[in-house]
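Presented below is the structure to which this report refers.
Remember, it's 1-based here, ligands and their atoms both numbered in the order they're listed. Since this is a predicted model, take the numbers as computed values, not measurements.
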Amino acid sequence: MIAVVHHPDYVTEAPARSTYRWGKNGAIRDLLQAEGDRVGWHEPVAMPRAWLEAVHDPDYVAEVLAAQVPREKERRTGFPITAIVARRAAMVPGGTYLAALLALEHGFAANTAGGSHHALADTGAGYCVFNDLAIAAHRLIEEGRVERVAIVDCDVHQGDGTAALTAGHPQITTYSIHAAKNFPARKAQSTLDVALADGIGDEDYLDTLDTTLSGFLDAHRPDLILYQGGVDPFVDDRLGRLALSEDGLVRREQLIARLSAARALPVACTVGGGYGDDVMAIAARHVRVIMTLGGLLTQPPVAIAEQERGAGVVDA
Ligand SMILES: [Zn+2]
C-alpha cells in the first residue's frame with residue numbers, strides 16, 4: 001500500500017487575481033482515490049509556527065498567518081494571501097514532514113501538494129508561500145530523525161529558495177536539475193546544480209540525471225531524500241523549456257527509484273510544478289510520479305517482516 005498524505009485544506013478555491021491553477025490538488029486526490037486499495041491515506045496537522053520560523057523570517061510568517069502580506073510580496077508570490085491560502089500554506093509543510101516520517105517507515109510516501117521550492121526567507125515567490133522542503137528538512141534533523149537529508153529537485157525551474165534557505169547547513173544538501181534559461185532569472189547556488197539547455201529530450205535528460213545524481217548521492221550519503229517531482233519538464237508544459245515525453249517522465253521516476261533503492265534510501269515525494277490548460281492531464285502526470293515511485297519503493301509488509309527476522313530466514 002502506497003502511503004499518501006492529503007488534507008482537505010490543500011484543495012481551495014482560486015483567490016481573485018490568481019494566475020495559478022488551483023484545481024490541481026483536488027484532481028490529484030480524485031485520481032489517487034481511483035487507485036483504491038493501492039493507496040493508504042494519511043492526514044497531516046499544520047506545521048507549528050516555531051518550525052515555520054526556524055526557516056522563514058518571523059515577520060514574514062506573521063504576515064502570512066494573519067493574511068496581511070504586503071501587496072509587493074503577493075505579486076511576487078503570484079496570488080493574494082487570503083485566510084484560506086494562509087491555512088493551506090501552513091498545512092502543506094506539515095504534509096511534507098509527515099510524508100518524510102512515513103517514508104522512513106515504509107520506504108516511500110507522497111504528499112499530494114508541496115515542493116514549494118521558490119519560497120524565500122522573507123517572501124513568497126513563483127506560486128510558493130512557505131518552503132515545505134527546507135522546513136521539513138530542518139525539523140527532521142533538529143528532532144534527530146535523520147543525520148543527513150538530500151533535497152532532490154527535478155522541477156524544470158531551479159530550486160532557488162530551497163538552496164538559499166539551506167545554504168551552509170552541514171546536514172542538508174541540495175540537488176537541482178533544471179532548464180538554465182527558465183525562471184528564476186537569478187539562480188541561487190545548490191550543492192549541485194545541473195543546468196540544461198532548452199529543448200533537451202528524454203535520452204539526454206535521463207543520461208545526465210543518472211550520472212550527476214549518482215555522483216551526488218555517493219558524495220553526500222543522505223539518510224533520506226525529499227523529492228520535488230515537478231512534471232513541468234514535459235514537452236508541452238506552458239512554463240517549461242525542456243522536451244520530456246510522457247514516457248520520459250515515467251522513466252525519470254524509474255531512475256529515481258533505482259538510484260534510491262540501490263542505496264536503501266527512503267524517498268518522500270512532493271508535487272511541484274506542472275502548468276497548462278488541461279488540469280486533468282497535469283494531475284494524471286503527478287499521479288504517475290507518485291504511483292511509479294510508490295510501486296517501486298514501498299516495502300511490502302512481508303519484506304519488512306523478513307528483514308526484522310534477519311536476511312535469509314524464512315518461516316516454513
Ligand atoms: Zn516549476
- request: For the Zn ion (ligand 1), find the closest N/O/S atom on His157 and give its atom name.
  value: ND1

- prompt: Given the side-chain rings of Phe130 and His56, with only the six-membered ring counted for Trp, is the space between their centroids under 6.0 Å?
  reply: yes

message: Tell me which N, O or S atom from Asp232 is the closest to the Zn ion (ligand 1).
response: OD2

query: Any N/O/S of His117 under 2.8 Å from the Zn ion (ligand 1)?
result: no

query: Would you find a donor on one side and an acceptor on the other, under 3.5 Å apart, between the side chain of Arg148 and the backbone of Arg221?
result: yes

- request: Assign the ring pair His169 / His138 to parallel, tilted or perpendicular, where the plane angle (0 to 90°) is split at 30° and 60°.
  value: perpendicular

- request: Quick one: report the N, O or S atom of Asp155 that is nearest to the Zn ion (ligand 1).
  value: OD1

query: Would you say Asp160's side chain and Pro184's backbone share a donor-acceptor pair under 3.5 angstrom?
result: no

